[in-house]
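Here it is: the structure, laid out below.
Predicted model, so just to flag it, every value in this text is computed and none were measured. Residue numbering restarts at 1 for every chain, and letters A, B, ... go by the order of the sequence lines.
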Number of protein chains: 2
Amino acid sequence: MDANSALNIYREQLKKYIDFNEAEWIIFSQHLSINQLKKKHYFAEPGKVCDKVAFMIIGTVRYYHIKDGQEITGYFSFENEFVTSYKSFLTGLPGLTYIQALEDCLLITFTHRDLDQMLANPMLAYKVEKFGRLVAEETIVCYEDRVASFITQTPEERYLQLYNTGKDILRRMPQHYIANYLGITPVSLSRIRRRVLTGVK
Amino acid sequence: MDANSALNIYREQLKKYIDFNEAEWIIFSQHLSINQLKKKHYFAEPGKVCDKVAFMIIGTVRYYHIKDGQEITGYFSFENEFVTSYKSFLTGLPGLTYIQALEDCLLITFTHRDLDQMLANPMLAYKVEKFGRLVAEETIVCYEDRVASFITQTPEERYLQLYNTGKDILRRMPQHYIANYLGITPVSLSRIRRRVLTGVK
DNA sequence: CCACTTTCTTATCTTTTGTTAACGTTTCCT
DNA sequence: AGGAAACGTTAACAAAAGATAAGAAAGTGG
């Protein structure tokens, strides 16, 4: 895919949040970079500041922590979703999360520095503020559901919910990552699946 | 406490996010209401749209769901924190959460309607956008940690973290609410406390 | 001030989950 | 193509958590 197609996809997807006119888009897009991220490479790593927000044109990533030497996968992002270690990006402090490409990715990114420049530019400030607000709010809606699922649901119920509202995760992610995402071990998920699928035991 | 003191506290606390000048504050504050919420009364209920955002001047609330006839407490808010059923407020759809006063509360609120009016007012729009973005981003930072704790920590580790970074929750909330907040049952929390405190078993 | 509720602990039993290891299959890589 | 790594399931055992009930202590509200 060429750079122009990627930018056009981005602009189209952004209309969900904000509609830039031509003049605004020209300035806005000057702050964008197109990046490739090869499979298994890292978009973010613990101990490093994540100073970029990416938008995934092609590819998938997973977010994971390491605890007691073990990888624990907490989240995934797919095409047409934003990718960043949000807390690190917002605070400017080193993050705790690996964000790793599971496939070759094509990303459109801007840095925190670029964001500051845009917010300081009267031609863009208002729309970029709104853009930031809307993306943040959308993220909160997801988090609210996710926290509620840990509080009110059993692992089996969380799996069933994922099974029903399915989305890409079940189809595209290996099961041991999904287990972590649900807050359980791969062995436990395998047992839950047997219970659910066979109705036995 | 009189209305003016409450509004002054609010204005002072808001400086963390945004600093209104006099002219702006006059308009902004016209969109605010001062509400009392008596102990055990509800700020939000499942099935109803939560169309207000509150700022807690005095008091505490808890957020809870009902599952299989049982209350499950998911969160708390204290003085100088915002209170709303965020998803319901943002989407305009009925929420799933009870938000109940645990003490008599003094709240400063604005409605979604008022927010829309402020965002449509050129004198306020930019600062209110920024205000909304910053509050949303702060919320995300909290959620990121909270989700990570469910993914990477055992219930005992979550309790210990709460014990160390303590805050008001341990001091001011009954233990069975805290248990829910940690994603476990009250009986289980009692056992964890014994393990932790006595080092036994 | 007394009855009532709430809160917390403890005990017992059941269920679920974690841990470790083994095994077959698939995928990856060079 | 062939060896290595990754993946999913299953088993056996240990550890933890859930469910339920009982009882004591503390707090609440007439």
Side-chain angles (χ1 to χ4, degrees), chain A residues 38-41 60 62 64-73 76 98 100-104 149-160 162-163 169-201, chain B residues 38-41 60 62 64-73 76 98 100-104 149-160 162-163 169-201:
Chain A
K38 288 275 179 203
K39 184 170 178 172
K40 302 219 171 167
H41 287 220
T60 54
R62 72 172 173 128
Y64 70 91
H65 291 71
I66 290 198
K67 189 198 176 191
D68 304 333
Q70 288 239 308
E71 296 182 359
I72 304 183
T73 298
F76 313 98
Y98 292 92
Q100 183 190 43
L102 295 175
E103 313 165 3
D104 290 354
S149 79
F150 285 115
I151 294 292
T152 64
Q153 296 186 304
T154 63
E156 180 162 332
E157 288 168 335
R158 288 201 288 280
Y159 172 72
L160 285 171
L162 194 64
Y163 188 85
I169 293 179
L170 278 188
R171 256 169 284 137
R172 297 174 64 178
M173 292 297 154
Q175 200 164 302
H176 60 298
Y177 293 167
I178 296 173
N180 294 162
Y181 172 78
L182 295 172
I184 56 180
T185 61
V187 177
S188 192
L189 177 56
S190 188
R191 284 190 288 234
I192 287 171
R193 276 165 51 83
R194 184 167 48 113
R195 280 205 299 270
V196 168
L197 293 174
T198 69
V200 178
K201 235 205 160 182
Chain B
K38 288 277 180 202
K39 184 171 176 172
K40 302 217 172 171
H41 287 220
T60 53
R62 72 171 174 129
Y64 69 92
H65 290 71
I66 289 198
K67 189 197 177 191
D68 304 332
Q70 288 238 308
E71 297 181 359
I72 304 183
T73 298
F76 313 98
Y98 292 92
Q100 183 191 42
L102 295 174
E103 313 166 1
D104 291 353
S149 79
F150 286 115
I151 294 291
T152 65
Q153 296 186 304
T154 63
E156 181 162 332
E157 289 168 334
R158 287 201 289 281
Y159 172 73
L160 286 172
L162 194 63
Y163 187 85
I169 292 179
L170 278 188
R171 257 170 282 136
R172 297 173 65 179
M173 291 298 152
Q175 201 164 300
H176 61 297
Y177 292 167
I178 295 173
N180 295 162
Y181 173 77
L182 295 172
I184 56 179
T185 61
V187 177
S188 192
L189 177 55
S190 186
R191 284 189 288 233
I192 287 171
R193 276 164 51 83
R194 185 167 47 113
R195 280 205 300 269
V196 169
L197 294 172
T198 70
V200 177
K201 230 200 163 188

Under the ring pair (Phe, Tyr, Trp, His ring centres under 6.0 Å) test, residues paired with A:F150 that sit two or more places apart: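 Here the qualifying residues are B:F150.
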Heavy atoms from other residues, nucleotides or ligands near CD of B:E103 exceed 12 (cutoff 6.0 Å):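 More than 12 within 6.0 Å, yes.
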Whole angstrom value for the distance that separates C1' of C:dC29 from NZ of A:K38: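 After rounding, the reported distance stands at 16 Å.
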Between C1' of D:dG8 and CG of A:L182, the distance in whole Å: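 That distance rounds to 16 Å.
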Atom-to-atom span, CZ of A:R194 to P of D:dT9 - whole angstrom: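 Roughly 10 Å, once rounded to whole Å.
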Nucleotide C:dT19, atom P - distance to CG of A:D68 in whole Å: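 It is 9 Å, rounded to the nearest whole Å.
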Partner of A:E71 by side-chain hydrogen bond (donor to acceptor under 3.5 Å, both in side chains), out of A:R62, A:H65, A:H176, A:Q100: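 Of the listed options, the one satisfying the test is A:R62.
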Protein-nucleotide distance (B:E157, atom CD; D:dA15, atom P), rounded to Å: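 In whole Å, D:dA15 P and B:E157 CD are 17 Å from each other.
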Terminal helix-axis angle for the helix from C:dC1-D:dG30 to C:dT30-D:dA1, with five pairs defining each axis and rounding to 10 degrees: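 The two end axes of the helix from C:dC1-D:dG30 to C:dT30-D:dA1 meet at 70°.
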Spacing of A:H176 atom NE2 relative to C:dT17 atom C1', expressed in whole Å: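 Atom-to-atom, A:H176 to C:dT17, this comes out as 19 Å.
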Partner set under ring pair (Phe, Tyr, Trp, His ring centres under 6.0 Å) for A:F76, not counting sequence neighbours: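 For A:F76, the residues satisfying ring pair (Phe, Tyr, Trp, His ring centres under 6.0 Å) (neighbours in sequence not counted) are A:Y181.
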Approximate separation, where rounding is to 0.5 Å, of B:R195 CZ and B:S190 OG: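 Atom-to-atom, B:R195:CZ and B:S190:OG are 10.5 Å apart.
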Donor-acceptor under 3.5 Å (B:D104 side chain, B:K38 main chain):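 The answer is no, because no donor-acceptor pair under 3.5 Å joins these two groups.
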Whole angstrom value for the distance that separates C1' of C:dT7 from CD of B:Q175: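 One finds 9 Å between C1' of C:dT7 and CD of B:Q175, rounded.
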Rounded interatomic separation in angstrom, taking CG from A:L170 and C1' from D:dC7: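 Roughly 16 Å, once rounded to whole Å.
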Per-nucleotide protein contact string for nucleotides 17-30 of chain D, where B marks a base within reach and S marks sugar-phosphate only (heavy atoms under 4.0 Å, - for neither): BBBB----------
Minimum side-chain heavy-atom gap A:I192-A:L182 below 4.5 Å: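 No, every pair of side-chain atoms sits at 4.5 Å or beyond.
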Residue list, salt bridge (Lys or Arg N to Asp or Glu O under 4.0 Å) with A:R158, at least two apart or on another chain: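 Applying salt bridge (Lys or Arg N to Asp or Glu O under 4.0 Å) to A:R158 gives none.
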Set of residues satisfying salt bridge (Lys or Arg N to Asp or Glu O under 4.0 Å) with respect to A:K67, sequence neighbours excluded: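 If we apply the salt bridge (Lys or Arg N to Asp or Glu O under 4.0 Å) test to A:K67, skipping adjacent residues, the hits are B:E157.
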